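Report on the following structure.
If you're wondering where the values come from, they're calculated on a predicted model, not measured in any experiment. By convention here, the first residue in the shown sequence is residue 1.
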Amino acid sequence: MGEISQAAGPGLPSSPSPSPPSPRSACSLSPTVGKGTPRPGGDITGHLTFPLLSVTLLVSFGSSMLYGYNLAVVNSPAVHIKAFYNATWSQRYGHELTPGPLTLLYSLTVSIFALGGLVGSLLVGMLVERYGRNGALSRSALLVLLAGGFMGFSRELGSPEMVIIGRSITGLHSGICLSVVPLYLGEIAPKNLRGFLGLMPSIFICLGVFAAQVLSLPELLGEDRFWPLLLSVVVVPASLQLLLLRCFPESPRYLLIERNDVCGATKALHQFLGTPDVQDVIKEMKEEQRSLSSMEMVSVWQLLRDRSVHWQTLSVVVVNAGMQLSGIDAIWFYTNVIFENVGIPVSHIPYTTVGTGAIEVIAGLIGCFTIEKVGRRPLIITGFCAMGICSAGITVSLLLQAALPWMHYVSVACVVGIIAGFCMGPAGVPFLMTAELFTQSHRPAAYIVGGSLNWLCNFTIGFIFPFLQMSAGAFCYLVFCGVCLLVALYVYFIIPETKNKTFMEISHIFATRRSVLSIPAHLRMRRLDGYGTLENSSLEGSGSSLP
């Protein structure tokens, strides 16, 4: 089973580690195993049950998809929203907004989503500690209902402020859910399904972008009178999650390790695994609980200062920052401009954009269904390399398109390549890696670091890209190319493969690496299992090596 813990947010005192189970939590753990019943076994693997698949689809649809939808939904109705701002300003003050203030007001509407996400990511620790993983997701859905009300009635009440407030609340919701959804799924998934279920939210993020593109078509909600409905339609999936999520139990690992509720954890395991025999899983969780008996949950500051997890922390920083600094947001924001430069008629661009959205979904499905076969490292390395090569291709095509008209189509192919490469690996694997690289005591703080850094980089790219494009022209994409290739190299040499490994096994990999790297310099360098490591010949006889 996967595992996550409560989080100590920035500035919050460290929470004491769970005490040994109290007598009230005693529960019979010796059910009879029926003939043919699948047994998790010593390796704690499991099969995909209906409850596991159902709750994964529900939280991905009701939470993760809304992030992709809200990210893309403001692109098509931009003209209508600006016209509403202008008309409202004229009614209030007797004159229209000049282009500068109007652009600033609309930019605030777009970018405040990322600022809300940053705040939400910082609240994750407090929420999952107080309400649990399931409870935090249920309560966060209320934010979407509130935001939908603000945005849906903004035009009727003549209030641009309501649009901006609604966007900030949707960002707050996305900041919470982008961390809590992988936390929850990581805890309930057997280790052999952790990658498959962990990438399901990234598919729904792509579906959210695709849904926003489809609903923005003129035949649907793309007309001026429908833009408030287009912004507020997010209340539908949020309401569905709010109604149905209570049918599923809280995460077993949270119940046992943090609440000492063995009976509740056992019942949850029975439902999620579909087997009455969960003794091996309970035993594994109790062993980890004992290993944490003398260790406190660390805060963000303690995580950053803890040299024992230096490489894990650096890896989370690199993959999460690289995910946004890869330039994917800039590509999404300016896809229409690139397609317009190719010569596609303006009236056809929305339909072309829908085509790129379909490619996103297909690429996400490929990553989801291959991650347990090929592993995490190949997906994220291949994805970043493809994005880097295609970014360089955009630069070349923009420089040569005046002399070679067919280079316009190379630009389109490169845009598609960047989007497909991102959705296949870098879109979801960094969230999964953040869970897998840490043990129970450090993981919540790692999610806060990764989440806040993700949102900060998202906001930074959205803010500076227009200036970068003005100053560097076609060469601005080489910056993204360099970032992508550097991240791919880092993953290749530093981060081990985590497929089919428990969280404790992954922790031991890094512990072994630290002990090996601390040996004096007379050791020789050796390439092992796809990443660099130091190894002494004296260690070979004892069987000590990096996994």
Would a distance-only check, ignoring hydrogens and angles, find a side-chain to backbone donor-acceptor pair under 3.5 Å from [X] to [Y]?
{"X": "His270", "Y": "Pro276", "answer": "yes"}
{"X": "Thr382", "Y": "Leu379", "answer": "no"}
{"X": "Ser154", "Y": "Met151", "answer": "yes"}

Checklist entry - Could you go step by step and tell me if Tyr69 and Val233 meet the side chain to side chain contact (heavy atoms under 4.5 Å, CB included) rule? => result CA-CA 10 Å; Tyr69 185 88; Val233 75; 2.9 Å; yes
Which heavy-atom pair separates [X] from [Y] by the least distance, and what is that distance?
{"X": "Ile359", "Y": "Ala420", "value": "CG2-CB, 4.1 Å"}
{"X": "Pro249", "Y": "Tyr184", "value": "O-OH, 2.7 Å"}
{"X": "Ala238", "Y": "Ala141", "value": "O-CB, 3.7 Å"}
{"X": "Leu143", "Y": "Ile169", "value": "O-CG2, 3.2 Å"}
{"X": "Val180", "Y": "Arg133", "value": "CG1-O, 3.7 Å"}
{"X": "Ser63", "Y": "Leu137", "value": "OG-CD2, 4.0 Å"}

To the nearest 0.5 Å, tell me how far [X] [atom1] sits from [Y] [atom2].
{"X": "Asn454", "Y": "Met323", "atom1": "CG", "atom2": "CE", "value": "5.0 Å"}
{"X": "Leu325", "Y": "Asn458", "atom1": "CG", "atom2": "CG", "value": "10.0 Å"}
{"X": "Phe113", "Y": "Leu118", "atom1": "CZ", "atom2": "CG", "value": "12.5 Å"}
{"X": "Ser232", "Y": "Leu145", "atom1": "OG", "atom2": "CG", "value": "11.0 Å"}
{"X": "Ile381", "Y": "Phe493", "atom1": "CD1", "atom2": "CZ", "value": "9.5 Å"}
{"X": "Thr266", "Y": "Gln279", "atom1": "OG1", "atom2": "CD", "value": "9.5 Å"}

Without hydrogens or angle criteria, can the side chains of [X] and [Y] be said to hold a donor-acceptor pair below 3.5 Å?
{"X": "Ser138", "Y": "Gln241", "answer": "no"}
{"X": "Ser308", "Y": "Asp306", "answer": "yes"}
{"X": "Tyr447", "Y": "Ser121", "answer": "no"}
{"X": "Glu250", "Y": "Asn134", "answer": "no"}
{"X": "Arg377", "Y": "Tyr492", "answer": "no"}

Does any part of the side chain of [Y], heavy atoms only, come nearer than 4.5 Å to the side chain of [X], both counted from C-beta?
{"X": "Arg167", "Y": "Val73", "value": "yes"}
{"X": "Ile328", "Y": "Met387", "value": "yes"}
{"X": "Pro430", "Y": "Ile380", "value": "yes"}
{"X": "Val124", "Y": "Leu183", "value": "yes"}
{"X": "Leu52", "Y": "Pro190", "value": "yes"}
{"X": "Pro201", "Y": "Phe431", "value": "no"}
{"X": "Leu142", "Y": "Leu242", "value": "yes"}
{"X": "Phe248", "Y": "Gln271", "value": "yes"}

Next on the checklist: Suppose we call two aromatic rings close when their centres sit under 6.0 Å apart. Are Trp455 and Tyr67 close by that rule?
Outcome noted: yes
Item to check | Sequence neighbours excluded, every pair satisfying salt bridge (charged side-chain N to carboxylate O under 4.0 Å, His left out) that has a member inside residues 362-372 | outcome: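 Listed by first then second residue: Glu372-Arg376.
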Item to check | Stepwise side chain to side chain contact (heavy atoms under 4.5 Å, CB included) test for Leu245 and Val55 | outcome: CA-CA 7 Å; Leu245 192 55; Val55 74; 4.0 Å; yes
Item to check | Criterion side chain to side chain contact (heavy atoms under 4.5 Å, CB included) on Ile371 and Leu432, from CA distance to verdict | outcome: CA-CA 11 Å; Ile371 187 170; Leu432 181 61; 3.8 Å; yes
Item to check | Over 12 foreign heavy atoms within 6.0 Å of NZ, Lys499 | outcome: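 More than 12 within 6.0 Å, yes.
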Item to check | Sole candidate of Ile495, Thr434, Val309, Val491 that passes side chain to side chain contact (heavy atoms under 4.5 Å, CB included) when paired with Ser315 | outcome: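 Single side chain to side chain contact (heavy atoms under 4.5 Å, CB included) partner of Ser315 among Ile495, Thr434, Val309, Val491: Ile495.
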Item to check | Sole residue of Leu57, Thr56, Leu58 in side chain to side chain contact (heavy atoms under 4.5 Å, CB included) with Ser60 | outcome: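 For Ser60, the side chain to side chain contact (heavy atoms under 4.5 Å, CB included) test succeeds with only one of Leu57, Thr56, Leu58, which is Thr56.
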Item to check | Worked check of side chain to side chain contact (heavy atoms under 4.5 Å, CB included) between Glu360 and Phe210 | outcome: CA-CA 8 Å; Glu360 294 174 21; Phe210 181 63; 5.8 Å; no
